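So you know, we letter chains A, B, ... as the sequences are listed, proteins then strands, and number each from 1. All values derive from a computational prediction rather than experimental measurement.
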2 protein chains.
Amino acid sequence: MLDPAPSAGSPTRAATIEDVARHAGVSRAAVSKVIRDAYGVSDRMRERVTASIETLGYRPRVAARAMRGSTSTIGVQLPQVDNDFFTRILTGAVQSLRESGYQLIIAPMADPVSGTAALESLYDRQVDGIIAVAPAVPQAWLEGLGQRVPLVQVGQHDHPRNYDVVVGDDDEGARLVMEHLFAAGHTRIAHVTNDERVLVEPRTDPHPRRLRVYERLMRERGLEPEVIRIDPAEHDARRTVASLLDRAVRPTALFAGHDSLALSALEVVANRGLGSADFAVVGYDDVPIASHPLIGLTTVDQDGEQMGATAAHLLLERIRGRIEPERRVFSPALRVRATSSPPSVAAR
Amino acid sequence: MLDPAPSAGSPTRAATIEDVARHAGVSRAAVSKVIRDAYGVSDRMRERVTASIETLGYRPRVAARAMRGSTSTIGVQLPQVDNDFFTRILTGAVQSLRESGYQLIIAPMADPVSGTAALESLYDRQVDGIIAVAPAVPQAWLEGLGQRVPLVQVGQHDHPRNYDVVVGDDDEGARLVMEHLFAAGHTRIAHVTNDERVLVEPRTDPHPRRLRVYERLMRERGLEPEVIRIDPAEHDARRTVASLLDRAVRPTALFAGHDSLALSALEVVANRGLGSADFAVVGYDDVPIASHPLIGLTTVDQDGEQMGATAAHLLLERIRGRIEPERRVFSPALRVRATSSPPSVAAR
DNA sequence: CTGAAAGCGCTAACAC
DNA sequence: GTGTTAGCGCTTTCAG
């Protein structure tokens, strides 16, 4: 496959199936059958053709194949490549597709805020199916896409008709966090979350859900919610968290909408020489570094790998013809670590 | 673009350029010109065609275009999606290509050890150019690929004829690390690195280079090198590092071949209740988490984003016709942080 | 079991 | 300015 040097020197245009056929002295159809392992080729012919393919360094063009049938490729749309939770999902999908015969290609969202471009690009490439991770597009638009190509959406609380959904139970996750903090004796608990203005579909996004559970549970205990919103574009949650610590009466705990925010918060806390007894921090997602003993971030494990693997699995079913939408809701698990101590007596 | 619902109900096969032409009452060529913004279309015609495209939800197939000319896409091959240094490179490339008119697709290596598959898959898709990040393939094979498609390789110390190279100065980086440790008074310094058996091209790989500098500088000072190799497949550097700490006479410092190994080492150290005065750790790459105050990993910054951006830039040049190979060597910078204290008197 | 030929959707000459 | 047409490389009937 793709031999070191073609006939060295000339800028030889790449070999086509025609070239192989001529070289092997057979018809194009015969070659096609050999490479697709189709029915009806004699052993002798297979050998000859294989040899010619080898010497000519022939590789079938995906584009030409796409014009007749399928591309044997699955596309994954990823909001950010440098987010370790999305990476967990991707890893699960990659592993699950390894033996499937499908090639995986990833289209990164160039613009993390609005994002039809990456999905359109996959569609235009005629991938056989698409896994959309936390897509920032209106649900109606996704329905349209799902009508045209097998589609699985990961991360949003949709109830779609034309695609499948893999999502974590964010209500449950948020509840686990809050009850853990309440049980530890915290009452002044703040919540940092994404700025709602940047959300395309606030109703299905996981972060507003976590927020709402937070607010409800606080109020149920007669406590005043304290919500801080971060504009993801500005990229620096630290200043905002810092301002929280400057308050006259500051919170004793922070429930961060995702681990990246939690890590930023820990940064501020550490830089001030404070510890978890002064200011507890709980995240969401359980990114790999959270379990590092130097970090020890208490957080909610969504099992991203399993979500990715499930998405891949559902997509294959859909490609094979399933039409009815499926929903898989993952139960989260709280990972209690060092950053969520009870408040110190002084802080309380 | 890609409207919510096509003519709802029927499983309408997607519109083609032919359909648009018919709907607008013009020729296929006219439509083609409009969508490519080509010369020679009247305003009135452009309007009509645009309207038809809109109502039919027409999108040009990349595959069909590929059969005539280019695909306007650039492919990136990534060894692992969950490696934060590769992610830095990718981020740089994504940003740099944002306005270029090229779509980016990423092919993850399914098999992290040997890896022609991802590159072949990109080639088969007729991408207009390829960025190969730390490819695990023989150099001769890459030369072959470079003869067929514009190619930039990131991370290996090649001296190629048919592609460009973007690489860090690993000799310099390793020297910075060692002199820093020597200056701090360390003499028993160990080195963890990847198992050489898994390397396809040990001569061009950065890790053996770092290793060799380590060995040379140790010997120059009359010190005995102590090298530990990790099989990346086994994925667990911790046990190996732990065994190092169990020695009767244990090292006071560890130079880790990359940050992931360094973080594993810090895990072991922390779990034993040891600190940097007992066992200093220095990494390589400066992954984002290294600068977190709770980690404070001393490491070598390779400026992955800049490397990725440069790779993208060189690739565009090559796509535009440059033939002579270019090499860009990046000077690394040591980021001194908390994990590299001098040895305590007791440990010394 | 093998070969000839039609056609997938698009672009680029070229003719009008 | 606009339309006609010849392929690009492949798969897939359909005859032989």
Side-chain angles (χ1 to χ4, degrees), chain A residues 2 12-50 52-53 56-73 103 120 123-128 148-149, chain B residues 2 12-50 52-53 56-73 120-121 123-128 148-149:
Chain A
L2 233 182
T12 7
R13 117 201 156 301
T16 73
I17 201 171
E18 174 81 53
D19 300 328
V20 176
R22 199 164 30 228
H23 186 273
V26 300
S27 74
R28 297 211 311 263
V31 178
S32 176
K33 279 183 180 168
V34 170
I35 59 188
R36 283 174 304 128
D37 240 334
Y39 176 77
V41 252
S42 65
D43 286 358
R44 207 171 52 81
M45 156 155 257
R46 188 192 316 284
E47 274 177 42
R48 265 209 313 202
V49 170
T50 313
S52 297
I53 287 177
L56 295 179
Y58 167 74
R59 312 222 84 219
R61 251 66 123 209
V62 171
R65 287 184 151 175
M67 302 218 48
R68 299 314 256 89
S70 88
T71 53
S72 297
T73 109
Q103 243 291 322
E120 280 170 338
Y123 174 77
D124 296 343
R125 281 186 170 66
Q126 286 163 273
V127 294
D128 295 340
R148 296 157 181 251
V149 56
Chain B
L2 233 180
T12 5
R13 119 199 156 306
T16 73
I17 200 170
E18 175 82 53
D19 299 327
V20 176
R22 200 164 28 231
H23 185 273
V26 300
S27 74
R28 296 212 312 266
V31 178
S32 176
K33 279 182 181 170
V34 169
I35 60 189
R36 285 173 304 130
D37 239 336
Y39 176 77
V41 253
S42 65
D43 285 358
R44 205 171 54 79
M45 158 157 259
R46 186 191 318 283
E47 274 176 42
R48 266 209 313 202
V49 170
T50 313
S52 297
I53 288 177
L56 294 179
Y58 166 74
R59 311 221 85 220
R61 257 56 131 214
V62 172
R65 286 185 153 175
M67 302 220 46
R68 300 313 258 92
S70 89
T71 53
S72 298
T73 110
E120 280 170 338
S121 144
Y123 175 77
D124 295 343
R125 283 185 170 65
Q126 288 163 273
V127 294
D128 296 339
R148 297 157 180 252
V149 57

Among [options], the one nearest [X] by side-chain distance:
X      : options                  : value
R28(B) : dG7(C), dG9(C), dG7(D)   : dG7(D)
M67(B) : dG9(C), dG7(D), dG1(D)   : dG9(C)
S27(B) : dT2(C), dG9(D), dT4(D)   : dT4(D)
S42(A) : dT11(D), dC10(C), dC1(C) : dC1(C)
K33(A) : dT4(D), dC10(C), dT2(C)  : dT2(C)
S32(B) : dT11(C), dG9(D), dC10(C) : dT11(C)
A29(A) : dA4(C), dC10(C), dC10(D) : dA4(C)
R65(A) : dG3(C), dC10(C), dT11(D) : dT11(D)

Original post:
Does a nitrogen or oxygen in the side chain of Y39(B) sit under 4.0 Å from OP1 or OP2 of dA12(C)?
Top reply: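 It does not, given that no N or O in the side chain of Y39(B) lies less than 4.0 Å from OP1 or OP2 of dA12(C).
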
**OP:** Please determine if a side-chain N or O atom of R61(B) lies less than 4.0 Å away from the OP1 or OP2 oxygen of dG9(C).
**Re:**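 Checking R61(B) against dG9(C): at least one side-chain N or O falls below 4.0 Å of OP1 or OP2.
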
Over how many whole Å does the gap from [X] atom [atom1] to [N] atom [atom2] extend?
X      : N       : atom1 : atom2 : result
E18(B) : dA6(D)  : CD    : P     : 15 Å
I53(B) : dC10(C) : CD1   : C1'   : 13 Å
D19(A) : dG9(D)  : CG    : C1'   : 10 Å
R68(B) : dT5(D)  : CZ    : P     : 16 Å
L56(B) : dG9(C)  : CG    : P     : 14 Å
Y58(A) : dC10(D) : OH    : C1'   : 7 Å
I17(B) : dT2(D)  : CD1   : P     : 15 Å

Counting distance only, does the side-chain N/O of [X] pair as donor-acceptor with the main-chain N or O of [Y] below 3.5 Å?
X      : Y      : value
R48(A) : R44(A) : no
R36(B) : S32(B) : yes
S70(B) : A66(B) : no

Subject >> Close side-chain approach of D19(A) and Y58(A), heavy atoms under 4.5 Å >> reply: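 Counting from C-beta outward, D19(A) and Y58(A) never come under 4.5 Å.
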
Subject >> hbond_proxy R36(A) side chain to dT11(D) base (donor-acceptor, 3.5 Å cutoff) >> reply: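 Answer no: no donor N or O sits under 3.5 Å from an acceptor.
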
Original post:
Of the options R65(B), R61(B), R59(B), which is the one that meets D124(A) in a side chain to side chain donor-acceptor pair (under 3.5 Å)?
Top reply: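 It is R59(B); the other options fail the test.
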
**OP:** Pick base, sugar-phosphate or nothing for G40(B), based on heavy-atom distances below 4.0 Å to the nucleic acid.
**Re:**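 The residue G40(B) makes base contact.
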
Subject >> G25(B) or A64(B), whichever maps to the more 5' nucleotide of DNA chain D >> reply: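 In this pair, the answer is G25(B).
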
